[in-house]
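Counting starts at 1 for both ligands and their atoms, following the listed order.
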Amino acid sequence: MASVRSESELRTDIVELGRRLWARGFVASNDGNISVRLDGDRILTTPTGVSKGFMTTDMMVITDRTGRKISGERNASSELKMHLAVYDLRPDVQAVVHSHPPLATGFAVAGIPLDKAVLAEVICTLGCIPIADYATPSTAELPAAVAQYIKAHDGLLLANHGALTVGSDLFNAYYKMETVEHFAQISLVARTLGGERLLSRDEVHRLQGLRDMYGITSPAPAAPVSSVQIGAGDVMP
Ligand SMILES: [Zn+2]
């Protein structure tokens, strides 16, 4: 849990995760941002205008829950508003990662959500990944678009923009970003090869049981329409 890590350790974690985002090509130029809750109402976050692959621990910014800077020589990203909306709506979330991984962002640009039941691990950990409506980055519209989905999902695509993942600590949120991109990559290959073969409704329900056991609350991907009559309530949003 993030709460047991010191501020100094969290700064080191953010530097490491920024390096991974950049190394994996999830960000270009100065894109992307990472944040984590500190004690009380303070948020530790990445600076704007810096490549996330080459940050140092002293570059981080500390803000309050409204985004007002408390300390740091640099300024926080204007996209921090989106992170703050998540912290307001999800008391369980300790960390937020935003990036533009190219395959997941391709799905977001094409308007195709990652909501098919194809990979057991994704069903168990992340559930379905919807697309939040397009909103101009850095405006108040973007937090509003995210707010619509974040209560029930730990990973979102942002239409014509990128992806957002949240978690119980920095690494948990970051690993979900890797899973989103991996899922997009596999989905693209499957579509190139003729389309995904979906898991059965029975298997999705079995996996849903594992999710319940682990206390995961975000909805599972949609089960395929089969010979079984599916009620409206069975189809995930
Ligand atoms: Zn962005």
Side-chain angles (χ1 to χ4, degrees), residues 13-37 43-55 59-61 63 65-67 69 72 74-90 93-114 126 129-150 153-167 170-185:
D13 289 347
I14 291 176
V15 168
E16 170 62 18
L17 296 182
R19 195 188 62 74
R20 293 189 194 187
L21 287 175
W22 178 82
R24 296 186 72 106
F26 288 9
V27 290
S29 184
N30 300 330
D31 296 345
N33 26 80
I34 303 169
S35 71
V36 63
R37 286 187 205 262
I43 303 292
L44 178 68
T45 186
T46 47
T48 189
V50 169
S51 168
K52 302 308 174 284
F54 299 87
M55 296 184 294
M59 288 181 180
M60 304 308 156
V61 185
T63 76
R65 286 280 296 282
T66 68
K69 185 161 86 173
R74 295 165 186 268
N75 292 318
S77 163
S78 52
E79 284 179 330
L80 179 67
K81 292 190 193 98
M82 180 167 66
H83 299 228
L84 298 171
V86 173
Y87 293 124
D88 283 347
L89 293 164
R90 291 280 303 270
V93 164
Q94 296 296 319
V96 178
V97 173
H98 165 57
S99 70
H100 306 161
L103 295 168
T105 303
F107 276 79
V109 168
I112 303 170
L114 292 165
L126 204 48
I129 303 160
I131 305 180
D133 295 342
Y134 179 75
T136 311
S138 86
T139 66
E141 292 166 24
L142 189 53
V146 166
Q148 209 183 333
Y149 291 99
I150 201 65
H153 300 273
D154 285 353
L156 301 180
L157 300 180
L158 308 174
N160 298 78
H161 181 173
L164 182 78
T165 52
V166 305
L170 280 164
F171 278 83
N172 181 271
Y174 168 76
Y175 285 136
K176 284 174 184 157
M177 185 62 75
E178 283 193 353
T179 299
V180 167
E181 180 66 350
H182 202 221
F183 187 14
Q185 187 171 15

Problem - the Zn ion (ligand 1) to H161: nearest N/O/S atom name - result: NE2

Practice task
Taking R74 for its side chain and V61 for its backbone only, find out whether a donor-acceptor pair lies under 3.5 Å.
Solution key: no

Problem - H98 NE2 to I34 CD1 distance, which is reported to the nearest 0.5 Å - result: 11.0 Å

Exercise for the section: Answer yes or no for D31: is there an N/O/S atom below the 2.8 Å cut-off from the Zn ion (ligand 1)? Expected result: no

Handout entry: the Zn ion (ligand 1) to E79: nearest N/O/S atom name
Key = OE2

Handout entry: From OG1 (T45) to CD1 (I14), nearest 0.5 Å
Key = 6.5 Å

Completion exercise
Looking at H100, the N/O/S atom that lies nearest to the Zn ion (ligand 1) is called NE2

Problem - Rounded distance [0.5 Å steps], NE2 in H182 versus CG in L114 - result: 13.0 Å

